[in-house]
Amino acid sequence: MENAWSRAKRALTHRLCISLPRTRDDVAGATSGQAPASEAVSLTPSAASGSRSSKKICAICLGGMKSGHGQALFTAECSHTFHFQCISSNVKHGNYVCPVCRAKWKEIPSVITAPAENIHGRARVNPINLPHEDNSINLFPRFSRFDAFSGHLSSFHVSEPSTFDDDEVVLSPSESHKDIRSEVSQTVEIKTYPEYSAVPQLSSEDDFAVLIHLKAPDGSCIGAQDIAGTATRAPIDLVTVLDVSGSMSGSKLTLLKRAMGFVIHSLGPSDRLSVVAFASSARRLFPLSRMSGPGKQRALQAVNSLTTGGGTNIADGLKKAAKVIDERKQKNAVCSIVLLSDGQDTHTISANRIHADYKALIPSTILRSAATGGIQTPVHTFGFGTDHDSVAMHSISENSHGTFSFIENEEVIQDAFAQCIGGLLSVVVQSMRLRVECLHPDVVLTSIHSGSYSSELHNNGQSGVVEVGDLYSDEERDFLLSLKVPSVFGELETQLIEVSYTYNDPVSKDVIKLEGEDVTVQRSENSDITPLMSIEVDRERNRVRAAEAMSVARMAAERGEFAQAVSVLEERRKLLSESLAARGGDQLCIALDAELREMQERMANRRRYEESGRAYMLSGLSSHWSQRATARGDSTESHSMVHSYQTPSMVDMLQRSQTFLPPDRGSPTPRPQVRQSRSFGGRFRLL
């Protein structure tokens, strides 16, 4: 009787062609034309240099191929050679067309399992090993056996369990882990700025501003390793929710896979990743898995297996992602969801979107965690192209405390992901709560400009709180308070407020507290002296009022009043130019003016607004209200694009992304590098 291995060799004689571009030139060629649906991506930056062109590598995973080390090779009749395990993964996920030569597969090998004692085949089935090569990551260790099409050794399955409690165990930090962190541990820096350095004793103020400025620890240990090789930063549980509907075909899917390859490459062995793909319905490709060598291999194979087709069911994709998060047995310190779509939900939201309830797209567990003020699961959304539903994507991010990025140019999707991942991999503060107490009995707190962060006033304005939430390494937050300050007689100083905070350190698990930071103002006897205004307060007031003008202009544009929308922004630009900070050449004011001008151009008429203006404005509002970097298209990008709120870890990840792959078309011209301009608060960077 013919054994399984004999059947395997007989099946392989059909010369099944399952391959992916072996060089980056192949990738570029595929992108410039009709890109194949199952484009592969590389996790090895060194491939760009061509240093491995003379070596025999698998064009799917870019692992080396050498006979005599216990794994099977397969050479198709089109002369491409691959690991047999890589082929089996692609076929198992329904790919029946060669992505290089587009040949249709005439026959598919039957489901076979190679016996361990017979793995040393001959002719077109050769044993291999996967060596660790220079300048590459050894992501693909050898397996003693493989399963061609039944997927027994693969962690991702076509069928899903009823309960997603199959997440891979988290790594426990070593004893040295906390010791290393404690040596460089810092707390959140806090600075306060009263609007004026002094107020006349006989004067009262009904709208006296105080700026509270927070800056997270610099995260000098981010990316460091303890003696066991475990990252000393907070590990993350990340679920990416990817749109694979019919509109994502061609180069969009190619670039999405490449971007996901970069994400997989960037995660560490303590991080866990799960991928959910959705079209008319959603499916989980694999459970939460640590991104060690084997985990990265399985993740890359799953992403490379994606094909497009069907409608757009965003709600089902998020529901599946929430199920992964809610039913996991163990938890990493940080958790987040990344959602990308290029279309509009066709299953949950009605065609008449004027009064659409976009909250219906968000699972109830995510909404509840966002409302509690504790550990949250933010959904960071990415609208891809000009046809996506930017209102839906913005609503999802806003209601989950995430961010919304507008990817106008599809080729920058990897950079957009990189900026987001750079932040998520550098969380140093969690569940931060800021508290303000009035010190003088007649001082009253009347308002807190906190953007998207919830705030409350208590005790008739005698105290207030802001739920700041998470902070990335070196990230900054500004909160502008409005106070009533009484007139006094004979006092040389008035105590205004006391500021304190608490937060959780995600690595040490310690609760960090700042007991109190007093804010006072001098009281002068001479009413004729004009006090100096704080440039920091004026700068922040400009930022807040510019964001408010953007909101008002957007509401006018939604009513079809585009001339009114442009006029609102023009008036804000005029007032901005007359401010103290702008007259002093403040760079933030210059950046805000450029942004407002760009928005005016994008809402000049209905066509421009619906094509890109709405998404651009919503992404800008997401960035300003959350004080966190988002990606968005900008016609001024070549010379004055403002990278708002970027942190050093985001810039570093962007630089890695920009050197990870060469340009897709034309001669190898390097991409523009992100560079930090002269400092003005550390919040904005100009190119």
State, yes or no, whether a side-chain contact exists between [X] and [Y] at a heavy-atom distance under 4.5 Å.
X    : Y    : value
I396 : L339 : yes
H380 : S336 : yes
T630 : R632 : yes

Exercise. Are R628 and Y645 in a cation-pi setup, meaning NZ or CZ lies under 6.0 angstrom from the ring centre and within 45 degrees of the ring axis?
Worked result: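 The answer is no, since R628 fails at least one limit relative to Y645.
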Which of parallel (below 30°), tilted (30 to 60°) and perpendicular (above 60°) describes [X] and [Y]?
X    : Y    : answer
H213 : Y193 : perpendicular
F208 : Y196 : tilted
H394 : F404 : perpendicular

For this session: State plainly whether the residues E475 and R477 are in salt-bridge range, i.e. N to O under 4.0 Å.
Result: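 Looking at E475 and R477, the cut-off is met.
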For this session: Flag the pair E570 and K574 as a salt bridge only when some basic side-chain nitrogen lies within less than 4.0 angstrom of an acidic carboxylate oxygen.
Result: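 The answer is no: the pair does not qualify as a salt bridge.
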For this session: With sequence neighbours excluded, give me every salt bridge (charged side-chain N to carboxylate O under 4.0 Å, His left out) pair touching residues 433-444.
Result: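 Applying salt bridge (charged side-chain N to carboxylate O under 4.0 Å, His left out) to every pair that reaches into residues 433-444, excluding sequence neighbours, yields R433-E467, R435-E437.
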Exercise. Considering residues at least two apart in sequence or located in another chain, which fulfil the side chain to side chain contact (heavy atoms under 4.5 Å, CB included) criterion with D474?
Worked result: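 Partners of D474 under the side chain to side chain contact (heavy atoms under 4.5 Å, CB included) test: K215, D218, P648.
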Exercise. Are F406 and Y616 close enough that their ring centers fall under 6.0 Å?
Worked result: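 No - the distance between ring centres of F406 and Y616 does not fall below the 6.0 Å cut-off.
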Problem set entry | Greater than 12 external heavy atoms within 6.0 Å of N526's CG |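 More than 12 within 6.0 Å, yes.
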Exercise. Can Y501 and Y503 be said to form a ring pair (Phe, Tyr, Trp, His ring centres under 6.0 Å), step by step?
Worked result: CA-CA 7 Å; Y501 63 65; Y503 67 85; 5.6 Å; yes
Problem set entry | Where at least one partner belongs to residues 552-561, residue pairs that pass side chain to side chain donor-acceptor pair (under 3.5 Å), sequence neighbours excluded |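 Side chain to side chain donor-acceptor pair (under 3.5 Å) check on residues 552-561 returns E558-Y609, E558-R614, R559-E561.
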